[in-house]
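For reference, positions follow the sequence shown, starting with 1.
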Amino acid sequence: MTDLVTLAELGGPLAAIGGAAYARHAHPAAYWSTVGLPLSVARLLASYSSTMDACGLTVEPSRWRALAVRATTRREIRPVPPRRGVIRPNSTGLRVRLRLAPGQEPADVAASAERLRHAWGVHAVYVRDVKPGVVELRLVGYDVLRKVRMPRRVDGGLLRVPVALREDATAFVRDYRAVPHELVLGATLSGKSMYLRHLVTGLAAQSVALVGIDCKRGVELAPFAPRLSALATDPDEAAELLPVLVKEMEDRYDLIKARQGIAPGTPGEEITSDVWGLPESERPYPIVLFVDEVAELFLVATRKDEERRDEMVTQLVRLAQLGRAAGIYLEVCGQRFGAELGKGATMLRAQLTGRVCHRVNDEASAKMALADIAPEAVDAACSIAPELPGLAVVGDTSGGWSRIRTPYLSLADAAATCRESAHLVPDVPALTPFRLYIPPVPVEASGTVTVPRPVTE
């Protein structure tokens, strides 16, 4: 009887522990909100001073503070940790600001991020510089990239698309005005197409002309044709489309130059060097060019194809070098991209400021995208597992990089979004000949439809 009572008493705690373990694995967000958050806050409050001391983030107290301690108490004078602000919890972790002591810098705190993660029992710790002397610790409670849930509130705007989730639980926003051109690499089934779908659907609701070059007969971009202003589905069509884009860019530069040449005495705010300084009534629509499988534009079989390839590459390089001021932006996608593609490949890559590298088949491909940013970014890209499609390493030429993952978006949903926003296709006369004809969707007749009886022998 005593053994039965003991087992009954232990059944409740064991069930609770088992339920918590299951929730932590299957529903990490719910586990964090109910169990993980209170435990981590308790650890942070209880061990803050000792943890900072163990991490070497404490300093000797000032002379006046030491004198005050000696005068009022008999305690030992101990090093002082950074002053901690209010703890702000959220659905993915918590945030807390620290005021650094004199002589400390944000890099000191960032170097101890791994120690802080283990001390407070969280998934990761990230350090952000807020202002001189103040840093913000972002504690992430669980792996947010395992099951992506985009934040509810994301700052959008013209040419700004929230396309993925960063590993610190913030949204990765593709801002074309800040990073005009981008290179997206990834092997088959790595999530490159998913990234492209989010970009297209995000831009579909904006006053932007979308242009596509898809040399795989349009299988990737043709479903979005209702919203595209132009689409080339093979190298021959691309060779006709690219000169039109270059001519459109030159016309826009003539428009900007005309505005600069106005009469003396014109207010300074009316003098501009790009299309964004033009009055809204005169400003042409921005154009985003998507190039899928860019290697197809470089491959040649005959000398005639080689001449066509050189012309297309030259035009792409011109668009990358001069397109930003004219409101033309490039999104270049492929499985590999490097000098082995041929003449002009390295020059084009140098103009693509943004870099996104999904899972690749070899280290050389990762180096093509990220080696000129940071060596550790190459290692991170090479460690992406095949069972995590959509996971990528993103960076830019400033040297910063992070892991991101795009949420799942079916091709049918993306195509439906483009059909619903087909009326927003801007009027760019130069691109009209390259727009695909989309037959109207047949309307189902109302009433009962009579189905003919099958023919039998």
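- Shown are Glu331, His181, Arg324, Glu182; of these, the side chain to side chain donor-acceptor pair (under 3.5 Å) with Tyr176 is made only by Glu331.
- One distance of note links CG of Leu203 with OG1 of Thr417; it measures 12.5 Å at 0.5 Å rounding.
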Practice item. Apply salt bridge (Lys or Arg N to Asp or Glu O under 4.0 Å) to Lys257 and Glu250, showing your working. Key: CA-CA 10 Å; Lys257 189 166 60 174; Glu250 294 173 348; over 6 Å; no
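- Looking only at distances, a side-chain donor or acceptor of Gln206 sits under 3.5 Å from a matching main-chain atom of Leu159.
- Remark: side-chain polar atoms of Asp310 are not paired, donor with acceptor, to backbone N or O of Val313 under 3.5 angstrom.
- Residues Val356 and His358 have side chains in contact (heavy-atom distance under 4.5 Å, counting atoms from C-beta outward).
- Between Arg88 and Leu94 the shortest side-chain heavy-atom distance does not fall below 4.5 Å.
- A cation-pi arrangement, defined by a distance under 6.0 Å to the six-membered ring centre and an angle within 45 degrees of its axis, is present between Arg84 and Tyr48.
- For the atom pair CG of Leu145 and NZ of Lys147, the computed distance is 14.0 Å after rounding to the nearest 0.5 Å.
- The closest donor-acceptor contact from the side chain of Arg252 to the backbone of Ala326 lies under 3.5 Å.
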Practice item. Please report the C-alpha distance between Arg283 and Glu280 in whole Å, then the side-chain angles of each, then the deciding distance to 0.1 Å, and finally whether the salt bridge (Lys or Arg N to Asp or Glu O under 4.0 Å) criterion is met. Key: CA-CA 5 Å; Arg283 185 187 308 154; Glu280 188 172 356; 5.4 Å; no
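- The side-chain heavy atoms of Arg435 and Leu228, taken from C-beta on, include no pair separated by under 4.5 Å.
- Looking at Gln104, its side chain never comes within 3.5 Å of a backbone N or O of Pro82 through a donor-acceptor pair.
- Contact check for Leu139 versus Arg95: no side-chain heavy atoms found under the 4.5 Å cut-off.
- Taking CE of Met347 as the start and CG of Leu316 as the end, the distance is 12.5 Å to the nearest 0.5 Å.
- The main-chain N or O of Phe298 is found under 3.5 Å from a side-chain atom of Arg309 such that the two form a donor-acceptor pair.
- Val161 places none of its side-chain heavy atoms less than 4.5 Å from the side chain of His198.
- Using a 4.5 Å cut-off on side-chain heavy atoms (C-beta onward), Val96 and Val86 make no contact.
- Under 3.5 Å, the side chains of Arg166 and Ser402 contain a donor-acceptor pair of N or O atoms.
- Side chain of Arg97 to backbone of Val130: no donor-acceptor contact under 3.5 angstrom is found.
- Within the model, atoms CG of Leu348 and CZ of Arg318 stand 14.0 Å from one another, a figure rounded to the nearest 0.5 Å.
- Here Lys192 does not pair with Asp292 in a salt bridge; the nearest charged N to carboxylate O distance is not below 4.0 Å.
- In this structure a side-chain-to-backbone donor-acceptor pair under 3.5 Å is present from Asp108 to Glu105.
- One finds the CD atom of Glu220 at 7.5 Å from the CD atom of Glu293 (value rounded to the nearest 0.5 Å).
- Judged purely by atom type and a 3.5 angstrom limit, Arg419 has no side-chain atom pairing as donor or acceptor with the backbone of Pro226.
- Panel note: side chain Ser365, backbone Asn361; no donor-acceptor pair is recorded below 3.5 Å.
- For the pair Thr170 and Pro151, the minimum side-chain heavy-atom distance is 4.5 Å or more.
- Here CZ of Arg405 is found 10.5 Å from CZ of Arg146. Values are rounded to the nearest 0.5 Å.
- Comment: Arg308 engages Asp236 in a salt bridge, judged by a side-chain N to carboxylate O separation of less than 4.0 angstrom.
- Arg355 places a side-chain N or O within donor-acceptor distance of the main-chain N or O of Leu352, the cut-off being under 3.5 Å.
- Residues Arg359 and Pro386 meet the side-chain proximity criterion, which asks for heavy atoms closer than 4.5 Å.
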